[in-house]
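Have a look at the structure below, then the notes.
First the proteins, then the strands, lettered A, B, ... as listed; each starts at 1. Here the structure is a predicted model, which is why all the values come from computation and not from measurement.
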Amino acid sequence: MNKQWFNEMEARIPKGRVRTRFAPSPTGYMHVGNLRTALYTWLIARHSGGDFILRIEDTDQERFVEGATDVIYATLRKCGLNWDEGPDVGGPVGPYVQTQRRDFYGKYAALLVEQGVAYRCFCDKERLEALHAAADGKNVGGYDGHCRRLTQAEINEKLTAGIPYVIRQKIPETGTTTFHDAVFGDITVENETLDDQILIKSDGLPTYNFANVIDDHLMGITHVVRGSEYLSSAPKYNLLYQAFGWEVPTYIHCSPVMRDSHNKMSKRHGDPSYEDLLAMGFLSPAVVNYVALLGWSPRGEDCEQEFFTLDELAKVFDIGGISKSPAIFDLEKLKYFNANYLRTLPPDEFFAGAEPYLKAAVKNPELDLSLIAPLVQSRCDTWEDIAPQVDFFDTLPDYSTELYIHKKMKTNQENSLAALQAALPVLEALDHWASSGIHDALINLAAQLEVKNGRIMWPVRVAVSGKAVTPGGAVEICSILGKEESLRRIRTGIEKLQK
RNA sequence: GGCGCGUUGGUCAAGCGGCUAAGACACCGCCCUUUCACGGCGGUAACAUGGGUUCGAUUCCCAUACGCGUCACCA
């Protein structure tokens with residue numbers, strides 16, 4: 001065995017700083033749970049001024065999906081989760097794609113075989129399936145250790161015969177193994193319940209569990225964030241680290257993000273991915289903010305704060321705030337976050353984001369969209385809420401005169417007709433069409449007629465919008481529509497009411 | 001089934017032996033107001049169950065129930 005090579009690998013490992021990694025497999029898209037894992041991983045690194053590394057785990061060739069890595073890159077970028085090392089940017093401990101590291105795993109596995117901590121297994125599929133069938137749900141788990149007992153002569157014989165083999169980890173038959181997790185604490189299991197798991201598959205590629213241990217060590221990873229579904233395979237890692245004499249990183253297992261109390265969020269159920277949420281009109285920072293709070297909460301003096309920028313999160317994020325129990329993804333609460341982000345956007349940024357949605361609903365080039373935008377800024381959960389609110393600017397909907405009836409305003413069809421008939425000449429007389437003038441004219445009219453403002457405002461607003469609920473009031477709408485169109489709509493209202 | 005993990009209001013959650021058990025979303029009411037929204041104020045609503053330990057348990061321990069995960073040459 002080439003000792004020199006192992007020493008060189010060790011020498012590359014950066015020491016003395018926090019290093020975390022996000023290690024997705026390119027098998028699908030970025031789901032909310034993945035995003036959260038990436039976020040926590042990034043936050044832990046940034047909190048300590050450490051390194052955040054991107055590693056692609058593509059050891060399952062059957063599940064490889066073309067283009068999936070691009071989605072990962074794009075999502076991470078859009079969220080602001082920048083990485084210091086990765087397949088595209090390189091780094092001191094590359095390569096950062098597992099299939100490009102396949103020789104490494106073989107060498108370390110051979111080392112374990114040499115030490116007697118792992119062994120070659122020549123059992124074929126049929127035998128393993130028979131084993132499974134015999135076990136049939138009984139408490140005898142996994143592999144029976146058949147090839148453990150092969151003599152060296154038998155091994156050599158099979159090797160020269162070219163029989164394909166895997167390399168399995170030799171788990172002690174007695175005793176217990178204790179594994180420590182930063183979220184779940186100490187977990188102790190009986191070794192006899194542990195399976196002699198496969199380290200190297202017969203295609204020569206490592207299994208997830210083995211590749212993880214090797215890569216995390218070789219890349220100097222100090223904190224491993226992953227889903228709690230890996231919790232039960234974690235104790236076996238300790239045995240591996242022990243065998244190599246390596247330091248075990250801090251493990252942080254996170255409970256899943258659920259769609260309801262029984263099921264995880266999943267593409268299969270049609271749950272939205274990060275990309276889907278953006279397409280649904282959500283803002284990336286709002287999604288990130290909300291997702292951060294699904295399974296983590298700030299403690300101490302920040303414990304009542306819920307709005308955080310990425311930088312603020314990096315500052316206050318701590319592992320102790322991660323929750324053990326699963327969290328249900330609540331679209332209503334995401335909407336609340338999004339509405340808040342939308343509202344606090346500077347007006348020009350809001351307009352920039354809203355413009356495409358405004359254009360889709362208001363085609364008339366005469367109308368100034370930049371005047372409509374501020375009207376909807378405090379009235380949207382997502383961008384998608386814009387169009388249905390502003391479409392009346394484009395064309396007056398055919399509405400029922402019932403809309404003129406309002407209990408609190410004390411309006412009905414008759415007095416609305418009168419109000420419109422009174423308002424018409426007053427507005428016609430205005431030669432400068434602007435909010436303040438329109439406002440004063442209508443308020444003065446109300447005063448003159450000795451009625452509450454609403455008695456005039458409500459009918460006018462209904463007449464110019466054809467809706468019971470509108471962004472902005474009569475004055476704003478009239479001013480945006482322009483004199484000619486406003487008067488035309490008021491006349492239409494009068495006609496409708498006269499019928 | 002074995003093993004592991006979890007369980008505070010409908011939801012996210014604080015709490016880490018002593019509290020009238022925070023806060024947020026949603027919901028309801030009031031105020032503001034020319035509608036709606038925003039904003040302000042207030043309200044309804046929770047420690048899964050049973051045993052211990054303790055002067056005292058949401059908090060510690062043990063059962064039970066329910067839920068989740070895992071028992072692959074998938075990650």
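If you take CZ of Arg36(A) and C1' of A13(B), they are 14 Å apart, rounded to a whole angstrom. Regarding Arg379(A), its CZ atom lies at a distance of 13 Å from the C1' atom of G39(B), rounded to whole Å. Nucleotide A13(B) holds its P atom 14 Å from the CG atom of Asn289(A), rounded to whole Å. Note: CZ (Arg461(A)) to P (A37(B)) measures 12 Å, nearest angstrom. Summarising the geometry, the separation between CG on Asn263(A) and C1' on G69(B) is reported as 13 Å, rounded to the nearest angstrom. Atoms CD1 (Ile322(A)) and P (C5(B)) sit 18 Å apart, rounded to a whole Å. In this structure, Asn191(A) atom CG and G4(B) atom C1' are separated by 14 Å, rounded to whole Å.
Between C28(B) and U44(B), the two P atoms lie 16 Å apart (nearest whole Å). The same atom, P, is picked in A22(B) and in C3(B); the two are 40 Å apart, to the nearest Å. Atom C1' of C68(B) sits at a distance of 46 Å from the matching atom of C31(B), rounded to the whole Å. Distance noted for atom P between G52(B) and A46(B): 26 Å (whole Å). Taking the C1' atom of each, A45(B) and U11(B) are spaced 12 Å apart, rounded to whole Å. Separation of the C1' atoms belonging to U8(B) and A57(B) is 14 Å when rounded to the nearest angstrom. For the C1' atom pair drawn from G9(B) and G43(B), the interatomic distance equals 14 Å after rounding to whole Å. Taking the C1' atoms as reference points, U70(B) lies 28 Å from A13(B), given to the whole Å.
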Using the rule given for side chain to side chain contact (heavy atoms under 4.5 Å, CB included), can you reason through Arg379(A) versus Arg343(A), listing the C-alpha separation, both sets of side-chain angles and the distance that settles it, and then say yes or no? CA-CA 8 Å; Arg379(A) 281 168 246 256; Arg343(A) 245 181 281 127; over 6 Å; no
I would like to know whether Gln413(A) and Ile405(A) meet side chain to side chain contact (heavy atoms under 4.5 Å, CB included); could you show each step before the answer? CA-CA 6 Å; Gln413(A) 278 105 333; Ile405(A) 303 170; 3.3 Å; yes
Provide a list of protein-nucleic acid N or O atom pairs under 3.5 angstrom, restricted to nucleotides 73-75 of chain B.
unit_1, atom_1, unit_2, atom_2, d
C73(B), O2, Ser202(A), N, 2.7
C73(B), O2, Ser202(A), OG, 2.7
C73(B), N3, Ser202(A), OG, 3.0
C74(B), OP2, Lys201(A), NZ, 3.2
C74(B), O2', Asp60(A), OD2, 2.8
C74(B), O2', Arg63(A), NH2, 3.4
C74(B), O2, Arg63(A), NH2, 3.2
A75(B), OP1, Thr59(A), OG1, 2.9
A75(B), OP1, Lys201(A), NZ, 2.6
A75(B), OP2, Tyr208(A), N, 3.1
A75(B), O3', Ser25(A), OG, 3.3
A75(B), O3', Glu57(A), OE1, 3.4
A75(B), O2', Ser25(A), OG, 2.9
A75(B), N3, Tyr230(A), OH, 3.3

Protein and nucleotides 25-31 of chain B: nitrogen or oxygen contacts under 3.5 angstrom:
none

Between protein and nucleic acid, restricted to nucleotides 62-67 of chain B and to nitrogen or oxygen atoms under 3.5 Å apart, what atom pairs and distances do you find?
unit_1, atom_1, unit_2, atom_2, d
G67(B), O3', His262(A), ND1, 3.2

Write down the protein N/O and nucleotide N/O pairs, taken from nucleotides 45-49 of chain B, whose separation is under 3.5 Å; answer none if there are no such pairs.
none

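Note on Gly227(A): nothing from the nucleic acid sits closer than 4.0 angstrom, heavy atoms only. Here Ala327(A) lies in heavy-atom contact (under 4.0 Å) with sugar-phosphate atoms only.
The aromatic rings of Tyr290(A) and Phe329(A) sit perpendicular to each other, their planes meeting at more than 60°, with 30° as the lower class boundary. Classification of the Phe179(A)-His253(A) ring pair by plane angle, with boundaries at 30° and 60°, yields perpendicular.
In this structure, the ring of Tyr29(A) has its center no less than 6.0 angstrom from the ring center of Tyr274(A). Under the 6.0 Å cut-off for aromatic ring centres, Phe337(A) and Phe307(A) qualify, their centroids lying closer than that.
Of all heavy-atom pairs spanning Leu294(A) and Arg36(A), the tightest one is O-NH1, 2.7 Å.
In RNA chain B, runs of at least 3 stacked Watson-Crick or G-U pairs (N1-N3 plus N6-O4 or O6-N4, or N1-O2 plus O6-N3, all under 3.5 Å) give these stems: B:1-7 with B:65-71, B:10-12 with B:23-25, B:27-31 with B:39-43, B:48-52 with B:60-64.
You'll find that the side chain of Arg299(A) is closest to C16(B), out of C16(B), U35(B), G6(B). Nearest to the side chain of Ile187(A), among G4(B), U70(B), C36(B), sits G4(B). Nearest to the side-chain atoms of Val469(A) among the listed nucleotides U35(B), A22(B), U34(B) stands U35(B).
Note that Lys201(A) lies outside the cation-pi zone of Tyr105(A), set by a 6.0 Å cut-off to the ring centre and a 45° limit from the axis. Taking the ring axis of Tyr251(A) as reference, the NZ or CZ atom of Arg226(A) does not stay both within 45° of it and closer than 6.0 Å to the ring centre. Remark: Arg120(A) qualifies as a cation-pi partner of Tyr165(A) under the 6.0 Å distance and 45° angle criteria applied to the six-membered ring.
A sub-4.0 Å separation between OP1 or OP2 of G69(B) and a side-chain N or O of Ser228(A) is absent.
At a cut-off of 3.5 angstrom, the base of C38(B) holds no donor-acceptor pair with the side chain of Arg343(A). For Lys408(A) against U34(B), no side-chain N or O and base N or O form a donor-acceptor pair under 3.5 Å.
Applying the salt bridge (Lys or Arg N to Asp or Glu O under 4.0 Å) test to Asp318(A) and every residue at least two apart in sequence or in another chain returns Arg299(A).
A donor-acceptor pair under 3.5 Å is formed between the side chain of His406(A) and the backbone N or O of Met409(A).
Within the 4.5 Å cutoff, side-chain heavy atoms of Leu76(A) are placed close to those of Met30(A).
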